[in-house]
Amino acid sequence: DFQSSAHDALRQGVRDGHRLQCVMAPTGSGKTYLGMRVIHETLLRGNSAMFLCDRTTLINQASAAADGYGLSAHGIMQAQHWRTDRGSKFQIASVQTIARRGWPDVDVIVIDECHTLYAAWVKHVQECRAAVVGLSATPFAAGMGKLFTNLVNATSMHALTESGVLVPMRVFSC
């Protein structure tokens, strides 16, 4: 339910004129899945999208999440990757690869771990035409409030624990 509410809040944010939005949700809440949902909606409209990871080790993880969502028709922008498909309307890439190769022109960019604020994507999203959705469990980095004009708080750790999605925390040391 909270993912649907967050998706609805993002849509409302677009209607309210927010091009750069950030979704805050705890680790384990399904932020990547929510990002894939946004991308799926984008592709259904005939538009193009990119899922940007903050490091190359997350490329295959994001690709597996896309496959699990049913978005197997995607390309991966990474040297010598078996899934390279420059003609695909949905690309998955790391910020390091994009910094070296340049940005494709896409309609929607979903940025995983957006609190990292890599200069390569920060500069681009300020200048491009794409709608941008950042995903973070910890959107508290200095400068994020000047970049993202809307923060969607998808859910809390307490709510996820109460619903059984997360197990209760045990504190061993302060």
Side-chain angles (χ1 to χ4, degrees), residues 3-25 30-56 58-59 62-63 65-66 69-79 81 83-154:
Q3 288 179 345
S4 291
S5 297
H7 195 206
D8 290 343
L10 286 169
R11 282 192 199 110
Q12 184 60 49
V14 169
R15 287 190 294 271
D16 292 343
H18 298 283
R19 189 178 63 81
L20 289 96
Q21 302 185 78
C22 179
V23 174
M24 176 175 74
K31 290 181 296 294
T32 300
Y33 190 82
L34 178 60
M36 294 303 164
R37 185 174 179 171
V38 168
I39 288 170
H40 182 233
E41 185 175 73
T42 300
L43 295 171
L44 286 175
R45 292 184 173 152
N47 295 323
S48 58
M50 169 172 281
F51 189 93
L52 190 67
C53 302
D54 76 328
R55 49 192 184 275
T56 55
L58 296 178
I59 294 286
S63 180
Y69 193 89
L71 298 174
S72 57
H74 63 269
I76 293 183
M77 297 177 70
Q78 186 179 34
H81 200 282
R83 265 189 129 148
T84 298
D85 179 3
R86 288 181 170 79
S88 177
K89 286 185 163 260
F90 174 25
Q91 298 290 328
I92 298 173
S94 69
V95 68
Q96 294 86 352
T97 298
I98 291 297
R100 285 190 301 275
R101 291 187 184 181
W103 287 88
D105 182 31
V106 295
D107 300 296
V108 172
I109 301 170
V110 176
I111 303 171
D112 194 27
E113 306 292 345
C114 68
H115 58 271
T116 58
L117 294 176
Y118 283 99
W121 70 256
V122 169
K123 183 174 191 255
H124 178 74
V125 300
Q126 290 174 318
E127 298 170 351
C128 74
R129 65 176 182 81
V132 178
V133 175
L135 306 172
S136 180
T138 56
F140 312 117
M144 285 188 74
K146 293 179 181 174
L147 182 64
F148 294 100
T149 61
N150 189 33
L151 176 64
V152 174
N153 187 359

Would the distance check show the side chain of Lys89 and the main-chain N or O of Gly46 forming a donor-acceptor pair, the cut-off being under 3.5 Å?
yes
Under the ring-ring contact (aromatic ring centres under 6.0 Å, His included) test, residues paired with Tyr69 that sit two or more places apart:
Tyr33, His40
ring-ring contact (aromatic ring centres under 6.0 Å, His included) partners of His115, counting only residues at least two apart:
none
Between Leu20 and the options Ile111, Asn150, Val125, the side-chain contact (heavy atoms from CB on, under 4.5 Å) test singles out Val125
Minimum heavy-atom distance Ser4-Arg37, with the two atoms named
OG-NH1, 3.2 Å
Output yes when a side-chain donor or acceptor of Gln3 lies under 3.5 Å from a complementary backbone atom of Gly30, and no otherwise.
yes
Could you tell me whether the side chains of His18 and Thr149 share a donor-acceptor contact shorter than 3.5 Å?
yes
Answer yes or no: is there a donor N or O on one side and an acceptor on the other, between the side chain of Ser48 and the main chain of Asp107, under 3.5 Å?
yes
Where Cys22 and Pro139 come nearest, the two heavy atoms and their spacing
SG-CB, 3.9 Å
Rounding to 0.5 Å, atoms CG (Leu71) and OG (Ser63) come to a distance of 10.5 Å
Whether Gln96 side chain and Asp54 backbone form a donor-acceptor pair below 3.5 Å:
yes
Among residues at least two apart in sequence or on other chains, which ones pass ring-ring contact (aromatic ring centres under 6.0 Å, His included) with His124?
Trp103
Donor-acceptor pair, distance only, cut-off 3.5 Å: does the side chain of Thr138 make one with the backbone of Phe140?
no
Spacing of His74 atom NE2 and Ser72 atom OG [to the nearest 0.5 Å]
7.5 Å
